[in-house]
Amino acid sequence: MSRYNAAEIEARWQDAWDKAGIFTAERKEGKPKYYVLEMFPYPSGKLHMGHVRNYTMGDVIARYKISTGHNVLHPMGFDAFGMPAENAAMAIGGHPKTWTYNNIDDMVEQMKPLGLSLDWSRMFATCDPEYYGQQQSLFLDFLDKGLVYRKNAVVNWDPVDMTVLANEQVEGGRGWRSGAVVERKELTQWFFKISDMADELLEALDGLDNWPAKVKLMQANWIGKSRGLQFGFERVDGGEPIVVYTTRPDTLNGASFVGISPDHPIAKAMEGNPEVDAFLAEARKGGTTEEAIETAEKLGYDTGIKVKHPLTGAELPVWIANFILMDYGTGAIFACPAHDQRDLDFCRKYDLPVIDTFVSLDDPKPVDKAAFVPPKSEKVKWVDHFAGLDEATGEEAINATIDFMEAKGLGEGVTKFRLRDWGLSRQRYWGCPIPVVHCDACGVVPEKKENLPVELPDDVSFDQPGNPLDRHPTWRDVACPACGKPAKRETDTMDTFVDSSWYFARFTAPRAETPTNAADAEYWMNVDQYIGGVEHAILHLLYARFFARAMHICGHLPESAKEPFDALFTQGMVTHAIYKSEGADGRPVYHYPEEVTLKGDKAVLEDGREVDVVPSAKMSKSKNNVVNPLHIIESYGADTARWFVLSDSPPERDVEWTASGAEAAHKHLGRVYRIASEIDADAKGQEADDTALIREMHKAIHDVTMGVESFGFNAAIAKLYGFTNALGKSNAGGKAKREAALTLAQLMSPMTPHLAEAVWEMLGGEGLCALAPWPVADEAMLVDDEIVMPIQINGKRRAEISVPKDMDKAEVEKLALAHHAVQKVLDGATPKKVIVVPGRIVNVVA
RNA sequence: GCCCAAGUGGCGGAAUGGUAGACGCAGGGGAUUCAAAAUCCCCCGCCGCGAGGCGUGCCGGUUCGAGUCCGGCCUUGGGUACCA
């Protein structure tokens, strides 16, 4: 009897799969295709357990689909542009390109031992000129179709380093390197017209039956379709009316002031006035994130301008307020402090009036410290409502108000979206160059397609802040493609979300001379199963949906690929406890898990010092709570790592990596190997034991298949533990045991493919286990002949009876009522009600 | 701030509105062994000697029956448009 040797088995079978070329995808007629894709990684250089979990899940699906007769496409690539490469170049020197490609090589080396069923021949990185050149070509097509345009937008500006900062580079409102207070500054930038498709992107969510409801809900809220009233406030001084948009026009009587964004034309027109300038400078401090703006202290400035209330004729002041976004609605609002907490806080601070427009039916008191904001569906009592309402819900009042205002010719009901156009300009080097040239004579001129790719220059340095492309004369200064006169290249590069918005389409024909190839796109699209982190629920997935539509408009994808991902699964993170002690300088020191020994609930270093254990957190380099998959593979093998990341937690939830868990997983795989190796095919057994084992086998087939198909990997694995136990204890004959073990190998094969092949071979399975047809459960074997039914009395479990599986309800009821526990409680009385749920439960209501 | 989730034994978790705690870890007991490793068997939510009672973050509701559905909170996590 040989022992389970993962290293030997894994190398051997990876080699066998490679030689047989079973994962290389080709178009084949006669077999249904299946495209499974995991969100591709950023090449940080270190593969972590989160990657292992993500790719193992995809691999389970891919291998399962191979077994069920599908022609599977399962590719891998790298999302290779982005800030970390530039940060590394700044911090440790070197070039982003070298850093990135070295990391890619390292990560491929780390991925290969996992035995993933990937078609490596299709691999690419988004920083390959062959890829980003095609992306530039797409950009020019989009430009041609009016899907791209330029406008001003605000960025985080570091006034000391004189550079644009990413949101991540703003910490507490200050630049992460300079420490200077960040300002919001306007720049002219490129935008994708995603807002044109807002309604379609919203409506189409309905058709995504195999997407998680929460993702669809988040996207729907993000797109934020709303119906409201748009109308103008006449200015007392006779200037242009101030147009506002509101989703709560019903509260118009409660208006206490008109607020405009610091970026509103009226505010801008007042620049030059030192007091206004001082206020605007203050209001523009801090980062551009919605969170920063929403949570910043509310500031206001009274412009002195007065407007007339359209219904009452009362004069209202116009304030500039830092919490009003120019990007949403019209950049101007009216404030109703009685029914909006933010407005109320502002009005209390600046001593502006608070007017109740409606009060609660149960508790009709005026607003004091808390705004009264009931759900729009709740009926409330209206105070002197102009449209004659007395008791009505907010919804009814909104509609009545819009009708009223439209009838009077004072405003109109309009539909607006929260979704803004997608700004794609980045003032950075390591990204896809935007292929246009700025010419004094011709304006913005697209680069000619035959000149693509516009390649990034290699001779750049990162010794000073700012975009190196801006200070690279030989790259920047070019002849205008239209008139030939001296001109300047666009030095902004594209947002890395652009790179990841179409890579799934490129995988269908990664070496094509055009962005996609029609026949390949037609055959392979859509992605049948997409798997990735829930952190991408909104941006990446929405941008990809937009891109698929835009690519269809430009003829790069078929109509049927407008929604590119048929099914989506969002998985959780891999977490680990953090081991922390205090260094000599009082700062925290983080220790790697391998430096720590666990003794009960204490964690001890090699030198005997005890360290604090902080409960599980996302694995992060800065906290050193990372487990290197390579170390796990070296000590236990890839199958153990794969089995463990799938076994302990439901895939959509976070999983905590524990050393004991990994050991347990390894022990179990060794047990499977041993049980299989001990089977003597000629051994005789009892017929009853054979039947019992085969029955267990069919139940396992059923449950594991369900588990794999519904992403219940942890439940499938629990079932496999049970089936292995049953097989280990069974007194069945060798023939039945061999059949059961072969099936066990197949059922485990998507999760632990190497071990499965070894067991399959040991027991004389035909060909590769990976290619063997998936077993099918015999329905007749799934239900036992006798079932145990619990009896509840008034909802509490009191007894149980064993009955034949198909006994009818009346018989069951009779048996239940005859049970002594029931008799005792009833004490001769007739039960009020008896509920028999066939095959489930009996409830007696006494 | 706003949007979306999650919360069940010592731990990870299981449970189409129908026996809460499957399966695994940790722990306890035993077998085997000269001894150990490995392996195998049994026990294992809390309170209680027991009968029994209490238990799925908190408060309330719907139901014959709620971990599951509804309303309100609390805590943690994800997103918040330039991290990917």
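Any value given below was found using the heavy atoms of this structure, including those in side chains, with hydrogens, waters and symmetry copies removed.
In terms of modelled atom types and a separation under 3.5 Å, the side chain of Glu86(A) and the main chain of Trp430(A) share a donor-acceptor contact.
At a threshold of 4.0 angstrom between heavy atoms, the contacts of Gly423(A) are confined to the sugar-phosphate backbone, with no base atom among them. Residue Gln341(A) is out of contact with every strand shown, counting any heavy-atom pair closer than 4.0 Å.
Every residue two or more places apart in sequence or in another chain was checked for a side chain to side chain donor-acceptor pair (under 3.5 Å) with Thr570(A), and none qualifies. With sequence neighbours left out, His668(A) forms a ring-ring contact (aromatic ring centres under 6.0 Å, His included) with Trp643(A), Tyr721(A). Partners of Ala371(A) by side chain to side chain contact (heavy atoms under 4.5 Å, CB included), not counting sequence neighbours, listed by chain and number: Gln341(A), Leu344(A), Val373(A). Taking Lys379(A) as the reference, nothing meets the salt bridge (charged side-chain N to carboxylate O under 4.0 Å, His left out) condition, with sequence neighbours excluded. Not counting sequence neighbours, the partners of Ser500(A) by the side chain to side chain contact (heavy atoms under 4.5 Å, CB included) test are Phe40(A), Asp79(A), Phe497(A), Tyr503(A), His540(A). When the side chain to side chain donor-acceptor pair (under 3.5 Å) test is applied to Asn725(A), the partners found at least two apart in sequence or on another chain are Arg671(A). Legend: residues meeting side chain to side chain contact (heavy atoms under 4.5 Å, CB included) with Ala296(A), ordered by chain and number and at least two apart, are absent.
Comparing U62(B) with A66(B), their C1' atoms are spaced 10 Å from each other, to the whole Å. When the P atom is used for both G53(B) and A20(B), the distance is 13 Å, rounded to whole Å. Comparing the same atom, C1', in C74(B) and in C58(B) gives a spacing of 7 Å after rounding to whole Å. Using atom C1' as the reference point in both G1(B) and G12(B), the two lie 34 Å apart (nearest Å). Between G57(B) and U75(B), the distance separating the two P atoms is 16 Å to the nearest Å. Distance check on atom P: C41(B) versus G52(B) gives 32 Å, rounded to whole Å. Distance check on atom C1': G61(B) versus G17(B) gives 16 Å, rounded to whole Å. For the P atoms, the distance linking A51(B) with U16(B) amounts to 31 Å, nearest Å.
Atoms CG (Leu646(A)) and P (G13(B)) sit 15 Å apart, rounded to a whole Å. Per the geometry, NZ belonging to Lys214(A) stands 8 Å off P belonging to A5(B), to the nearest Å. Atoms NE2 (His668(A)) and P (A38(B)) sit 17 Å apart, rounded to a whole Å. Counting to the nearest Å, the P atom of C2(B) and the CG atom of Leu217(A) are 16 Å from each other. Between the CG atom of Asn167(A) and the P atom of G79(B) there is a distance of 13 Å, given to the nearest Å. With rounding to whole Å, Tyr4(A) atom OH is found 18 Å from A38(B) atom P. Counting to the nearest Å, the P atom of G79(B) and the CD atom of Gln219(A) are 15 Å from each other. Atom CD1 of Ile675(A) and atom C1' of U39(B) are 11 Å apart (whole Å).
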Report, one pair per line, the protein and nucleotides 62-69 of chain B atoms (nitrogen or oxygen only) whose separation is under 3.5 Å.
from   : atom 1 : to        : atom 2 : distance (Å)
C64(B) : O2'    : Asn843(A) : ND2    : 3.3
C64(B) : O2     : Asn843(A) : ND2    : 2.6

Can you check nucleotides 44-48 of chain B for protein contacts, nitrogen or oxygen pairs under 3.5 Å, and list what you find?
none

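In this structure, of A81(B), C82(B), C4(B), it is C82(B) that holds the atom nearest to the side chain of Gln189(A). For Met83(A), taking side-chain heavy atoms from C-beta onward, the closest of the listed nucleotides C82(B), A84(B), C2(B) is A84(B). Of the candidates C83(B), G78(B), A81(B), C83(B) carries the atom nearest the Glu168(A) side chain, counting heavy atoms from C-beta on. Of the candidates A81(B), C82(B), A84(B), C82(B) carries the atom nearest the Ala166(A) side chain, counting heavy atoms from C-beta on. Here the nucleotide nearest the side chain of Arg426(A), chosen from C82(B), A14(B), U19(B), is C82(B). When each of G13(B), U80(B), C4(B) is scored by its nearest atom to the side-chain atoms of Arg653(A), the top-ranked nucleotide is G13(B). With A20(B), G18(B), C82(B) as the candidates, the nucleotide lying closest to the side chain of Ile841(A) is G18(B). With C82(B), A81(B), A84(B) as the candidates, the nucleotide lying closest to the side chain of Phe497(A) is A84(B).
For C40(B), the OP1/OP2 oxygens have a side-chain nitrogen or oxygen of Arg674(A) closer than 4.0 Å. Checking the phosphate oxygens (OP1, OP2) of A81(B), no side-chain nitrogen or oxygen of Arg420(A) falls inside 4.0 Å. Regarding contacts with the backbone of G13(B), a side-chain N or O of Ser649(A) is found under 4.0 angstrom from either OP1 or OP2. Contact check, Arg840(A) against U16(B): no side-chain N or O comes under 4.0 Å of OP1 or OP2.
Checked for salt-bridge contact, Arg420(A) and Glu290(A) miss the test: no charged N lies under 4.0 Å from a carboxylate O. Checked for salt-bridge contact, Arg674(A) and Glu678(A) meet the test: a charged N lies under 4.0 Å from a carboxylate O.
Using a 3.5 Å distance cut-off with no hydrogens or angles, the side chains of Asn152(A) and Thr188(A) do pair a donor with an acceptor. A donor and an acceptor atom, one from each side chain of Asn167(A) and Thr289(A), are nowhere located under 3.5 Å apart. Side chain to side chain, Asp492(A) and Gln189(A) fail the donor-acceptor criterion of an N or O pair below 3.5 Å.
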Inset, instruction - Both distances under 3.5 Å, Watson-Crick or G-U wobble: on that basis, could you give the dot-bracket string for RNA chain B, with [ ] for crossing pairs and | for other-strand partners? - result: (((((((..(((.....[....))).(((((.......))))).(((....)))..(((((..]....))))))))))))....
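A distance of 6.0 Å or more separates the ring centres of Tyr530(A) and Trp211(A). Between Phe644(A) and Tyr636(A), the distance from one ring center to the other does not fall under 6.0 angstrom.
The cationic atom of Lys151(A) (NZ for Lys, CZ for Arg) lies less than 6.0 Å from the six-membered ring centre of Phe191(A) and within 45° of the ring axis.
For RNA chain B, the residues of residues 291-300 of chain A within the heavy-atom distance limit of 4.0 Å (strictly under) are Glu291(A), Glu294(A), Thr295(A), sorted by number.
When the options Asn467(A), Thr496(A), Thr493(A), Asp495(A) are evaluated for a side-chain hydrogen bond (donor to acceptor under 3.5 Å, both in side chains) with Arg426(A), the one that passes is Asp495(A).
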Inset, instruction - Encode nucleotides 21-30 of chain B as B, S and - characters from 5' to 3', where the letter depends on protein heavy atoms closer than 4.0 Å: B to the base, S only to sugar-phosphate, - to neither. - result: -BSSS-----
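Applying the 90° cutoff around 0 to the glycosidic angle, G79(B) is assigned anti.
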